[in-house]
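Everything below concerns the one structure shown next.
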Number of protein chains: 2
Amino acid sequence: MASAAGVSISTASKALNDTGRMGAETRERVKRIAGEIGYRPNALARGLLSKRSFTIGLLTNDTYGRFTLPVMAGISDALVDHGVSVFLCAIEDDPALAQIHVDAMLDKQVDGIIATGKRLDRRLPVDLSNLHVPVVYAFTEGTQNSVTFRSDDEQGARLAVEWLVKAGRRRIAHLTGPEEFFSVRERAGAYHEVAGHCEPVLYGVWSESWGHEAVEQLWKRPGEKPDALFCGNDQIARGAVDALRERGVKVPQDVSVIGFDNWEIVAAQTRPPLTTVDMELKELGRQAGLTVLALAEGRPVEPGVRKLPCRLIVRQSCGSKAAGECE
Amino acid sequence: MASAAGVSISTASKALNDTGRMGAETRERVKRIAGEIGYRPNALARGLLSKRSFTIGLLTNDTYGRFTLPVMAGISDALVDHGVSVFLCAIEDDPALAQIHVDAMLDKQVDGIIATGKRLDRRLPVDLSNLHVPVVYAFTEGTQNSVTFRSDDEQGARLAVEWLVKAGRRRIAHLTGPEEFFSVRERAGAYHEVAGHCEPVLYGVWSESWGHEAVEQLWKRPGEKPDALFCGNDQIARGAVDALRERGVKVPQDVSVIGFDNWEIVAAQTRPPLTTVDMELKELGRQAGLTVLALAEGRPVEPGVRKLPCRLIVRQSCGSKAAGECE
DNA sequence: CGAAGTTGGTAAAAGCTTTTCTCAGGCTAC
DNA sequence: GTAGCCTGAGAAAAGCTTTTACCAACTTCG
């Protein structure tokens, strides 16, 4: 114990926390000795008293970590300065497992829970609505009166299509995932608003092979071919780019392609590298982290859904305006 | 408090923990009431006394999560039954950040730490050798007298090359990553042992474009072309397969290709899907978790490096023996 | 010089469990 | 009938911090 090294016991606490009255010299001495012997207060004991464990839980059903990892990075980034550590709990759509993890976190007196997933329109398989700790939802559907952070897919899609239009493209097709996904419908809606109904929307699945196949379908049709493809995610875009290359269609000279997600492993390795929409998941995580912290500290937070803007990542699959490759 | 509902205070503890002497009827009653009011003991208070927090830390510098996520899944899988939760700390090769996370974990009295990374021959940028909690290394280089789990890359490579040989391939080339990687040298060594020195080893970088370029190099050379490629990872393999397709070389009919890592997003989306070597990282995580738990409980564990066997995942890029496609 | 205020520090309680000790009452046995 | 034992349950301590209350000594002022 640090106090043994110094002179007292409760004085040590006050010295280290800069509270209470005491001689400046005593305070300094205690601090110095504490530093020398590497004293660090026991967070368990502290938490027992303060009702704050400086710990939060991150619950996710995203096994691949495609969405969870950036969110986690943002949370951790925002909270490490506040001394908060994060329990990561991967529940694989298994309600029983989810409940076990939630119980374990509550037992450990987490200050709050962030729920995240892989889909904006699905709930985690566990009810978090009546916990006595704050819950924030990020990239998953929240409950009534909760705080939910999500990407603004409509704005992201608009960004992409407007970029294509500005580049002079007029026959912009949209290849995307299953229509039952909320974000698919949102992105398609924005696409229609900006591009009109000149080209069809092709719904499919989230895979490269679907992107490949969709291009086959489009190019087999009679009449003019699209001069741009806005794809629902990077995998579809990659499949599309591969299919175009095999057909001898040049990207970006003949056709511009834009993806969605900015999943580097896919987007950056495509030839040419994909221009794509980044959902800024790290920023989303950062805000979710700060919000759950605010709630844990009792600061008021307005409930509701916060849409965070996406950002266009320009690579070579579309060419840059500056370089004039899109023209 | 549960005791208020029941009759006493310390009796409640004994009832719930099945310790001490007391009437069977009392014990049952306390348990029943505890269940009814949903009483759950405070893990902080319990940990303060027992010196066990039922919490461990996972330290990683693998930002993508390619290696960390499966390891984490294994750890969590093994430890959730024991009531242990996991702090995930992503340090990005930043010693200061790493130290902050380690300190935070120690403050929170973690029962142990698992260090993991993205490379077998690199240390994390923080010294964990003299902590007063057990440390286990998984997929990263450990310290003297530590327990380290790693994949048996030699055995994995042998598995792959033997499979090619059994399939009748004789001119097996090896495209791989930078020679300074320990696992690259180990895999190349095993390759040489099994395949002889019939074909060269092409060292490069861990990217698709290198796989692509390596195939160009090989096929530009005069003389017979390889009839199989053993690639250092799935990305290289994917680049190679793409290059072969563009040259009109059929996979797996003309050339068999095997990758390494079984990174599903790459391996399964390649056309044809890649046969590849899986390092069984989840199992590795499971064992690391059980080991750190054993150490935390004071059970003796032999120090040293444990190599875990890899497994061959057969997809279509090599054809299966059974289907006779490799012949 | 005595009363009031200031200063520097300690003692104690609280937070929640678990474990050990103690105690009161009922029982057995001599 | 009483000494000793067993049983069931409560009291208390420990684990580590923080906070509040308190106390002794010293200073200041009338």
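Chain letters run A, B, ... following the sequence lines, proteins first and then strands; every chain starts at 1.
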Taking [atom1] from [X] and [atom2] from [N], how many angstroms apart are they, rounded to a whole number?
| X | N | atom1 | atom2 | value |
| --- | --- | --- | --- | --- |
| A:Leu16 | D:dT19 | CG | P | 12 Å |
| A:Leu48 | D:dT19 | CG | P | 14 Å |
| A:Leu49 | D:dG15 | CG | P | 17 Å |
| A:Glu28 | C:dG8 | CD | C1' | 16 Å |
| A:Arg21 | C:dG5 | CZ | C1' | 11 Å |
| B:Met22 | C:dT22 | CE | P | 20 Å |

Counting only side-chain N and O atoms of [X], is one of them less than 4.0 Å from OP1 or OP2 of [N]?
| X | N | value |
| --- | --- | --- |
| B:Ser8 | D:dA9 | no |
| B:Asn42 | C:dT17 | no |
| A:Asn17 | D:dT18 | yes |
| A:Thr11 | C:dG9 | no |

For the side chain of [X], counting heavy atoms from C-beta on, which of [options] is nearest?
| X | options | answer |
| --- | --- | --- |
| A:Tyr39 | D:dG15, C:dT7, D:dT17 | D:dT17 |
| A:Thr26 | C:dG9, C:dT19, C:dC16 | C:dG9 |
| A:Arg46 | C:dG15, C:dT19, D:dT18 | D:dT18 |
| A:Ser13 | C:dG9, D:dT19, D:dG8 | D:dT19 |
| B:Ile9 | C:dT17, C:dG8, D:dC16 | C:dT17 |
| A:Lys51 | D:dC16, C:dC16, C:dG9 | C:dC16 |

Base, sugar-phosphate, or nothing for A:Ser50, non-hydrogen atoms under 4.0 angstrom?
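Result for A:Ser50 = nothing.
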Would you mind classifying the nucleic acid contact of A:Arg27 as base, sugar-phosphate or nothing, using non-hydrogen atoms under 4.0 angstrom?
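No contact.
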Ignoring hydrogens and angles, are the base of D:dG10 and the side chain of B:Lys14 linked by a donor-acceptor pair under 3.5 Å?
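Yes, a donor-acceptor pair under 3.5 Å.
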Any N/O donor-acceptor pair, B:Ser10 side-chain to D:dA11 base, under 3.5 Å:
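Indeed there is one.
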Describe, in one word, how the ring planes of B:Phe181 and B:Trp206 are oriented to each other, choosing from parallel (under 30°), tilted (30 to 60°) and perpendicular (over 60°).
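Perpendicular: the ring planes of B:Phe181 and B:Trp206 meet at over 60°.
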B:Asp93 bridged to B:Arg122 by N-O distance under 4.0 Å
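No.
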Assess whether a salt bridge exists between A:Arg150 and A:Glu186, defined as any Lys/Arg side-chain N lying under 4.0 Å from an Asp/Glu carboxylate O.
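A salt bridge is present here (some side-chain N lies under 4.0 Å from a carboxylate O).
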Which sits closer to the 5' end of DNA chain D, B:Gly23 or A:Ala45, going by the nucleotide each is nearest to?
B:Gly23
Given the ring of A:Phe54, does A:Arg52 sit roughly above its face, with NZ or CZ under 6.0 Å from the centre of the six-membered ring and within 45° of the axis?
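Yes, A:Arg52 lies over the aromatic ring of A:Phe54.
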Tightest non-hydrogen contact, residues B:Arg21 and B:Lys14, listed as O-NZ, 4.3 Å
Passes side-chain hydrogen bond (donor to acceptor under 3.5 Å, both in side chains), A:Thr19 versus A:Asn17? Steps please.
CA-CA 5 Å; A:Thr19 65; A:Asn17 293 312; 5.3 Å; no
